[in-house]
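Accompanying notes for the structure given below.
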Protein chains: 2
Amino acid sequence: MSPTAQVTPPPRTLTKNEALVFGILNGTDQPLSAYAILDQLRDDGLRAPVQVYRALDRLLEFGMAHRLESLNAFVACNHDHPEEAAQTAFAICESCGKVTEFTDPSLDEYLAYWAKSENFAPTRTTLELRGLCSACQ
Amino acid sequence: MSPTAQVTPPPRTLTKNEALVFGILNGTDQPLSAYAILDQLRDDGLRAPVQVYRALDRLLEFGMAHRLESLNAFVACNHDHPEEAAQTAFAICESCGKVTEFTDPSLDEYLAYWAKSENFAPTRTTLELRGLCSACQ
DNA sequence: GACTGAAATGTTACATCATTACATGAATTG
DNA sequence: CAATTCATGTAATGATGTAACATTTCAGTC
């Protein structure tokens with residue numbers, strides 16, 4: 001029982017707005033707010049935040065993007081093995097903004113162990129490290 | 001090197017607004033937004049969000065409250081040993097809202113190990129489990 | 001081709017969360 | 001008691017996220 005959110009397989013192709021939003025996210029290693037994404041898509045006809053949030057919701061469902069709760073921002077998924085139901089964690093550099101995604105079975109095991117001992121049934125876990133990446137120290 | 005935020009010792013006594021805000025937080029096991037706290041303090045003369053946020057900032061400094069990033073909400077610290085510089089994690093019940101705070105040395109060790117292997121220097125870590133508490137399953 | 005239902009998109013308005021800038025008051029200390 | 005500092009108060013605004021409803025697109029079917 002891994003504390004991981006459900007991931008729906010992506011549809012055959014992304015819709016226009018989904019593709020636009022994913023394109024922006026995928027083009028940077030910086031986390032972007034929904035409004036920052038919107039600003040970059042004005043020329044493509046997007047005008048309202050809800051259009052971005054709708055696309056983001058689907059990309060999150062598909063496992064193609066992640067939300068960083070501590071930043072209220074989003075990144076494209078860069079995980080090597082998104083199919084495995086492993087807990088994903090993030091290291092966020094407070095200097096350059098770079099986000100590194102990582103997973104580890106022992107982290108899953110630890111959280112599953114704690115959850116079992118407390119009889120807590122996790123559905124979603126947020127783990128975010130803030131600090132300085134190796135290049136910025 | 002534990003990835004834990006700096007904690008300033010509390011002053012001799014809390015100021016009036018700090019005490020009011022802490023009183024509200026301490027009276028519930030539910031996370032409260034700053035605006036929910038404000039609503040409960042109208043009768044005590046508080047009128048603006050910034051008054052609550054200022055008090056919260058200090059309570060966070062003193063280690064007397066925590067911010068739940070995934071909820072944009074706050075809880076009183078309920079940790080058994082806040083002096084130990086251990087990573088604090090939260091289990092948040094999505095049914096009843098109850099928040100359980102916990103720490104574990106092995107979690108600290110795991111994060112410290114990962115940080116060292118990546119040469120990442122953490123300053124602050126967010127770990128929040130969402131799910132169902134034992135009473136709500 | 002026209003009808004139909006579902007999905008995607010568009011538009012407006014609003015709700016919620018958080019900060020900036022500046023003014024006032026109260027306590028401390030040199 | 002002047003100067004300083006800290007706490008508080010007030011107003012305005014910025015940043016993030018959602019609700020409600022209208023319109024368009026498109027696939028399947030007749």
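A, B, ... follow the sequence lines: proteins, then strands. Residue 1 opens every chain.
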Please tell me if [X] has a side-chain N or O lying less than 4.0 Å from either OP1 or OP2 of [N].
X     : N      : value
B:R67 : C:dC17 : no
A:K16 : C:dG10 : yes
B:N17 : D:dG9  : yes
A:T15 : C:dA7  : no
A:Q51 : C:dT9  : no
B:N72 : C:dA18 : yes

To the nearest 0.5 Å, tell me how far [X] [atom1] sits from [Y] [atom2].
X      : Y      : atom1 : atom2 : result
B:L127 : B:L129 : CG    : CG    : 5.5 Å
B:H66  : B:L56  : NE2   : CG    : 12.5 Å
A:I24  : A:D44  : CD1   : CG    : 7.0 Å

Of residues 24-48 of chain B, the positions that come close to DNA chain D - non-hydrogen atoms, cut-off under 4.0 Å | B:R47, B:A48
So does A:R124 pair up with A:E69, basic N to acidic O under 4.0 Å?
-> yes
Basic-acidic side-chain contact under 4.0 Å: A:K16, A:E18 =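 A salt bridge is absent here (no side-chain N lies under 4.0 Å from a carboxylate O).
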Which other residues belong to the hydrophobic cluster containing A:I92, where Ile, Leu, Val, Met, Phe, Trp and Tyr are joined when side-chain heavy atoms lie under 4.5 Å apart, directly or via other members?
-> A:L68, A:L71, A:V75, A:F90, A:V99
Using the six-membered ring wherever Trp is involved, compare the ring planes of B:W114 and A:F102 and label them parallel, tilted or perpendicular (cut-offs 30° and 60°).
-> parallel
State whether the distance check finds a donor on one side and an acceptor on the other, under 3.5 Å, for side chain B:R54 versus base D:dG9.
-> yes
Decide whether B:N72 and B:R67 meet the rule of one side-chain donor and one side-chain acceptor closer than 3.5 Å.
-> yes
B:Y53 atom OH is separated from D:dG14 atom P, nearest whole Å, by 17 Å
Axis deviation across the helix from C:dG1-D:dC30 to C:dG30-D:dC1, five-pair ends, to the nearest 10° | 20°
